[in-house]
2 protein chains.
Amino acid sequence: MAMPTIYDVARHAGVSPATVSRVLNGRSTVDAGLRDRVNAAAAQLGYRPNSLARNLRRSTTNLWAVVISDINNPFFTALVRGVEDVGQGLGYSVVLCNSDENPDKEADYLRALLADQISGFIVSPTSRTENLAALHEAGRAVVAIDRRPRNLAVDTVLVDNEHGAREATTHLIEQGFRRIACITGPARLSTASRRLRGYRSALRAAGIEPDPALERHADFRQRGGYTAMANLLAARPAPDAVFVTNNLMTVGALECLADNDIRIPDQVGVVGFDDVPWATFIRPPLSTVTQPTYELGRTAATLLKARIDDPDRPPETATLHTTLHARASSRRP
Amino acid sequence: MAMPTIYDVARHAGVSPATVSRVLNGRSTVDAGLRDRVNAAAAQLGYRPNSLARNLRRSTTNLWAVVISDINNPFFTALVRGVEDVGQGLGYSVVLCNSDENPDKEADYLRALLADQISGFIVSPTSRTENLAALHEAGRAVVAIDRRPRNLAVDTVLVDNEHGAREATTHLIEQGFRRIACITGPARLSTASRRLRGYRSALRAAGIEPDPALERHADFRQRGGYTAMANLLAARPAPDAVFVTNNLMTVGALECLADNDIRIPDQVGVVGFDDVPWATFIRPPLSTVTQPTYELGRTAATLLKARIDDPDRPPETATLHTTLHARASSRRP
DNA sequence: CTGTCGCAAGAAACCGATTTCTCGTAAGGT
DNA sequence: ACCTTACGAGAAATCGGTTTCTTGCGACAG
């Protein structure tokens, strides 16, 4: 019932607890005979070290916290999976927290976790940088993911948002679309503004002046995408294509187009950012800019480990690349 | 830089650490003047108790572990969110583990977590019950979710799988479909077998003898659903409808039908188990049996708390209800 | 033969809280 | 006025490990 302690093992092997600790951690040379006796005793009793006690003494833990902004978004869950797989391999467990894009909730979580001796943080930061800055100043290992925190030099993992957006928009232009709209996220998030910038720069490169009447900021969720699309449909002259900068908003936009019996791509061409599992089998198949989500998580975890091992290394930004999958939703007949 | 300890607060307030502890936990009566001084000192120093030390002394933690079998499945992530929201309200953090439907990986996780003084476990068990049984025998609070563990009396949260499946199948029959196929999950999982049983019982109730040639066991993933569907299409006479018992396999089945240019519901009617965000806007809209996923998580968390507070209460099984959303994919023209 | 050095292993301190034990003071009863 | 009782608050033990300090033994050099 009660777990055996290191004292039980010591007594059982006829040595001191210090020696047991030394054997189990392999830090110091111990007589081979004693070592075997300790190992045998530990095995026999089914001893497992109490990590609370160990971590209290070492003042660290084997926990990582991942704070994401929307647990309902498959983008973030795939990312968590990447983090988890790497962490697991290195002996860390992952605590998952969902900030819901709410800076106060994020602050609550981080404040609580700060007291928990968590050894590393991977955060998709909300707009308010102070939360992350506080962690960083407290000397904790921090990696920002998906979004670039303003005015804060921490390790960061991003995708090349501007390039991805430019590629998507250029593709629409090449297909002959001219009045191309863009539904992007909250202006305060770098992800949203970079993608918007890429969209605009593609238009300009093709000699089309970006029209503010065709740009919408929504909330990166399904509902917001629906509303923004409905809103765009009322614009005159109406857009003939739309570039939607995340997966959930793309779902909303498609739902809106379906509700209004608008044919894709004849009446409106569509390209979405982020992959979705059903992109290929809906009719028409959906064109997407896919991100290496799982790899983003793995990269963040790797950077976090490097930061923990060497807190003084200069901060690094890893930028991964997106891939355009052009399918029928953006193809001019 | 270094976090202040209870000794710092005590010194600052001119009292003993014991008194600080008493004030902060509100367990005992303390002179109002001292109380205010302690609170002021704690606030001024920004004191947060070190949870490692607290938990070591109390020999418990404020951590819950949720072990799910597929983090890529939105069903499980919605569920985790329900757990997390309740846990957060009660002061628990949630550690997320992904067993990937692999009993060995599950065993590794649970063994590691057992040493971590985790105070509660919510697990969607793989087929091997021993892992869960070990936890239970070690006296830990455990709640099984989504699947009923064989031969193990622990708190369990389920949906009424048999009823949901019967309702879906009956609906297909009422719409005039006759050769109704079923793609279900691994036979060893109660979820899969119960849904299959509900399907069969609906057929029998309508005077149709279940045909083994129309039943397929796959792996609850997209790929498996695709293969099973392809396989079913080769059956002679071919099925005129299919009931798919989870969301990811439904995606695979739909993909397969699309690849083979099979019209839904004219050639094959479709009903899926589990909701998906895009059910309403694909053409035709997808009929689904939805589960109250978020509520499942909340219920599991509530049961877990009750179990932690009273380890001796008799095990309880909560069964939540599914809802059939009949849409165009299952409607005979 | 003796003094020094190295090293293995036990003893004890420590991490930072909570909780039990102890003591002193004030209140209340006779 | 004195003795008992209650209670508030400090001292010290405790949780279970790790790490530093100390000790004792054997080896080796002078």
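Below, read A as the first sequence line, B as the second, and so on, with proteins coming before strands; counting in each chain starts at 1.
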Next on the checklist: What verdict does the side-chain contact (heavy atoms from CB on, under 4.5 Å) test give for A:Leu304 and A:Tyr92, after you've listed the backbone C-alpha separation in whole Å, the side-chain angles of each residue and the deciding distance to 0.1 Å?
Outcome noted: CA-CA 11 Å; A:Leu304 185 60; A:Tyr92 293 93; over 6 Å; no

Next on the checklist: Set out, in order, the CA-CA distance, both residues' side-chain angles and the distance that settles side-chain contact (heavy atoms from CB on, under 4.5 Å) for A:Glu106 and A:Val123, then state yes or no.
Outcome noted: CA-CA 9 Å; A:Glu106 181 187 82; A:Val123 183; 4.0 Å; yes

Checklist entry - Between A:Leu96 and A:Ile68, does a side-chain contact (heavy atoms from CB on, under 4.5 Å) hold up when you go through it step by step? => result CA-CA 8 Å; A:Leu96 181 67; A:Ile68 60 179; 4.0 Å; yes

Where do N or O atoms of nucleotides 14-16 of chain C meet protein N or O atoms at under 3.5 Å, pair by pair?
| from | atom 1 | to | atom 2 | distance (Å) |
| --- | --- | --- | --- | --- |
| C:dC14 | O2 | A:Arg57 | NH1 | 3.0 |
| C:dG16 | N2 | B:Ala53 | O | 3.4 |

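Checked for salt-bridge contact, A:Arg11 and A:Asp8 meet the test: a charged N lies under 4.0 Å from a carboxylate O. With salt bridges taken as basic N to acidic carboxylate O contacts below 4.0 Å, none links A:Arg37 and A:Asp31.
For the pair A:Arg35 CZ and C:dA9 P, the computed distance is 10 Å after rounding to whole Å.
By the 4.5 Å heavy-atom criterion applied to side chains, B:Pro4 and B:His12 are not counted as neighbours. Between A:Thr299 and A:Glu295, the closest side-chain pair of non-hydrogen atoms falls below 4.5 Å.
With a 6.0 Å radius and a threshold of 12 heavy atoms from other residues, nucleotides or ligands, B:Arg313 has its CZ atom above the threshold.
Between its opening and closing five pairs, the helix from C:dC1-D:dG30 to C:dT30-D:dA1 changes axis direction by 60°, a value rounded to 10 degrees.
Side chain to side chain, A:Tyr109 and A:Asn131 fail the donor-acceptor criterion of an N or O pair below 3.5 Å.
In this structure a side-chain-to-backbone donor-acceptor pair under 3.5 Å is present from A:Ser190 to A:Arg148.
Within 4.0 Å (heavy atoms only), A:Thr29 reaches sugar-phosphate atoms of the nucleic acid but no base atom.
DNA chain C lies under 4.0 Å from at least one heavy atom of each of the following residues of residues 9-26 of chain B: B:Ala18, B:Ser21, B:Arg22, B:Asn25.
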